[in-house]
There are 2 protein chains.
Amino acid sequence: MKTVSVFGTGNVAFHMVKAISLLKDYQIEEIYGRNESKVNDFCNQFTFDLNRVSSIEELKPADFYLVCIKDDAIESFIEKIARPEIICMHTSGSLDLLDKNCKNAVFYPLQTFSKESDLNYAEIPFCLEAEDNFIYKAIEGLAQAISDSVFSISSQQRRSLHTAAVFVCNFVNHLYATGEEICEEKEVAFEVLKPLIKETAEKVQRLSPTEAQTGPAKRNDQSTINAHLNLLGSKKHKQLYQQLTNSIIEKYEQKL
Amino acid sequence: MKTVSVFGTGNVAFHMVKAISLLKDYQIEEIYGRNESKVNDFCNQFTFDLNRVSSIEELKPADFYLVCIKDDAIESFIEKIARPEIICMHTSGSLDLLDKNCKNAVFYPLQTFSKESDLNYAEIPFCLEAEDNFIYKAIEGLAQAISDSVFSISSQQRRSLHTAAVFVCNFVNHLYATGEEICEEKEVAFEVLKPLIKETAEKVQRLSPTEAQTGPAKRNDQSTINAHLNLLGSKKHKQLYQQLTNSIIEKYEQKL
């Protein structure tokens with residue numbers, strides 16, 4: 001049985017604890033959070049018992065230290081907990097593989113995590129990196145126990161994926177929010193758009209998004225574009241509409 | 001048994017024919033397309049026989065004429081096929097309820113249609129409008145036979161929904177395509193992003209997108225934003241990143 005200690009009390013930590021607790025060859029050693037009452041709240045969300053610790057000095061050793069804390073705190077934190085015999089993994093998309101006094105590795109689950117979501121862990125892509133092949137094999141074993149989708153990804157590739165993820169997740173969600181604002185303004189239920197949102201995401205599971213593109217901008221249909229611009233009440237919606245429309249027209253104009 | 005003739009040979013026509021052919025109280029009377037060989041190709045996609053017609057003069061009467069042709073051709077086309085006793089419905093999100101010499105109605109399925117997709121018709125929102133309550137009840141009967149999600153929507157509301165749909169479908173897909181371009185440029189598989197795309201769409205089925213927003217722009221995390229801007233190779237990706245980031249920062253800055 002291998003042991004994993006999880007550091008952090010946010011959404012990534014939550015889902016990693018849930019995922020690892022389901023495995024037969026791995027067990028959670030401890031949960032660390034620097035705020036004692038936060039760690040207690042975090043651990044009390046689970047139906048099983050978890051050892052908790054709030055002081056670095058009291059940390060037990062484990063085969064893996066899985067650090068799920070904020071990006072800007074990771075480096076100095078791993079500096080403090082590093083031990084030469086322990087594999088210390090961070091879970092950040094934008095941070096390089098570190099070079100601390102431990103077995104350095106990256107264990108980046110490329111998904112958006114919220115406590116409300118029941119995720120199918122087998123489908124989460126894990127992007128892995130390690131400073132040597134021996135460490136890589138060890139973290140790959142853990143990732144493959146959780147998921148069917150495990151990739152060896154360099155720091156540079158991971159940064160690119162993280163940037164692309166901002167487009168397909170954060171920016172996409174902002175467009176959903178803009179759709180919701182338009183519905184509220186015009187007193188129609190945002191509900192009506194939900195199946196379209198789902199199918200638009202489904203479509204690119206099978207088709208390339210470049211092939212899947214439809215709409216007035218792709219056709220450069222100026223009369224529909226102008227009708228939409230006139231209908232939009234807020235200046236910021238008009239601006240976003242114009243910018244995205246221009247970007248689509250530019251992409252497809254050679255193909256028209 | 002009520003009869004429906006379908007006009008057009010595109011993706012909307014395809015799925016309407018498929019959906020209606022499954023109903024027990026409705027049957028397809030004829031498929032109309034002005035190009036004979038196109039109509040034949042269209043009809044040959046189905047496993048059942050369909051009557052086909054390419055001349056307006058030879059059109060048979062039916063309880064419903066369902067017009068699934070391009071927006072800019074609809075008005076003049078319905079002008080030609082209108083008969084006072086027939087309910088003529090168009091399927092456009094941006095066109096008003098017409099005032100032709102027929103029973104005027106709108107039958108707008110708010111979904112993105114492609115031939116490759118197996119859609120669950122019961123989940124498609126149908127946005128209906130008719131010039132009187134009698135006609136409305138008739139088209140509502142047809143819509144409810146197909147779907148569990150039927151809405152009475154005015155022309156003005158429909159235009160708003162159509163505009164919001166451009167944001168949550170066409171623009172969203174363009175961001176997927178941008179993510180794909182970044183992956184290609186940096187030689188990582190776009191595949192890795194697909195579960196994230198799916199979960200981002202799933203999340204707003206339950207949560208408001210304004211609540212679901214995450215990412216560096218929401219936190220106004222300038223160091224990550226700048227790292228992403230530096231990493232992006234193409235000027236148009238940088239521009240899109242900056243515009244969407246600004247729009248998110250503006251939305252949340254009061255809340256930070």
Side-chain angles (χ1 to χ4, degrees), chain A residues 94 110-112 114 116-117 123-125 151 157 159-161 163-180 182-183 186 188 192-201 203-206 208-210 212-215 217 224 227-228 231-232 236 240 243-244 247-248, chain B residues 94 110-112 114 116-117 123-125 151 157 159-161 163-180 182-183 186 188 192-201 203-206 208-210 212-215 217 224 227-228 231-232 236 240 243-244 247-248:
Chain A
S94 45
L110 210 174
Q111 187 49 282
T112 173
S114 59
E116 302 76 25
S117 293
E123 286 178 2
I124 295 178
F151 300 86
Q157 288 177 313
R159 276 196 303 271
S160 301
L161 277 172
T163 310
V166 169
F167 281 89
V168 306
C169 171
N170 304 152
F171 291 166
V172 158
N173 186 76
H174 183 57
L175 296 182
Y176 298 158
T178 305
E180 191 184 36
I182 296 167
C183 287
K186 307 290 180 178
V188 279
V192 186
L193 292 170
K194 288 183 175 177
L196 177 65
I197 285 173
K198 232 168 135 176
E199 174 62 15
T200 303
K203 222 170 176 173
V204 296
Q205 306 294 315
R206 305 175 302 267
S208 152
T210 299
Q213 190 66 50
T214 57
T224 303
H228 288 167
L231 178 140
L232 290 167
K236 61 181 213 284
L240 213 48
Q243 288 163 341
L244 285 154
S247 178
I248 295 172
Chain B
S94 45
L110 209 174
Q111 187 49 282
T112 173
S114 58
E116 302 77 24
S117 293
E123 286 178 2
I124 295 179
F151 300 87
Q157 288 177 314
R159 276 196 303 271
S160 302
L161 278 172
T163 310
V166 169
F167 281 88
V168 306
C169 171
N170 304 151
F171 292 166
V172 158
N173 186 76
H174 183 57
L175 297 181
Y176 298 157
T178 305
E180 191 184 36
I182 295 166
C183 287
K186 307 289 181 178
V188 278
V192 186
L193 291 170
K194 288 183 175 178
L196 178 64
I197 286 174
K198 231 168 135 177
E199 174 62 15
T200 303
K203 223 169 176 174
V204 297
Q205 307 293 316
R206 306 175 301 268
S208 152
T210 299
Q213 189 67 50
T214 57
T224 303
H228 288 167
L231 178 140
L232 290 168
K236 60 182 214 283
L240 212 48
Q243 288 163 342
L244 285 154
S247 179
I248 295 172

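Note that the structure is a prediction, hence the values are computed from the model and not measured.
Comparing B:L110, B:I248, B:V166 by how many heavy-atom pairs each has under 4.5 Å with chain A, the most go to B:I248. Comparing A:G179, A:P195, A:G215, A:A227 by heavy-atom pairs within less than 4.5 Å of chain B, the highest count is held by A:P195. Ranked by non-hydrogen atom pairs under 4.5 Å with chain B, the options A:V188, A:I124, A:T178 are led by A:V188. The most heavy-atom pairs under 4.5 Å with chain B, out of A:K198, A:K236, A:R206, A:Q205, come from A:Q205. Chain B forms more heavy-atom pairs under 4.5 Å with one residue of A:S114, A:C183, A:S247, A:S94 than with any other, namely A:S247.
When atom types are taken as modelled, the side chain of A:Q243 and the backbone of B:L240 share no donor-acceptor pair closer than 3.5 angstrom. Between the side chain of B:Q213 and the backbone N or O of A:N170, at least one donor-acceptor pair lies under 3.5 Å.
Separation of atoms CD1 (A:I197) and OG1 (B:T200) is listed at 11.0 Å; rounding is to 0.5 Å. Taken to the nearest 0.5 Å, the CZ atom of A:F171 stands 12.0 Å off from the NE2 atom of B:H174. Separation of atoms OG (B:S160) and CD1 (A:I182) is listed at 8.0 Å; rounding is to 0.5 Å. If you take OG on B:S208 and CG on A:N173, they are separated by 8.5 Å, rounding to the nearest 0.5 Å.
Closest approach of B:E180 and A:T210 over heavy atoms only: OE1-OG1, 3.4 Å.
By the side chain to side chain donor-acceptor pair (under 3.5 Å) test, A:E199 is found to be paired with B:S117, residues two or more places apart in sequence or in another chain being considered. Judged as a side chain to side chain donor-acceptor pair (under 3.5 Å), and not counting sequence neighbours, the contacts of A:K203 are B:T112.
For chain B, the nearby part of A:L232 is the side chain; its heavy atoms alone come within less than 4.5 Å. With a 4.5 angstrom heavy-atom cutoff, A:Y176 touches chain B via backbone and side-chain atoms both.
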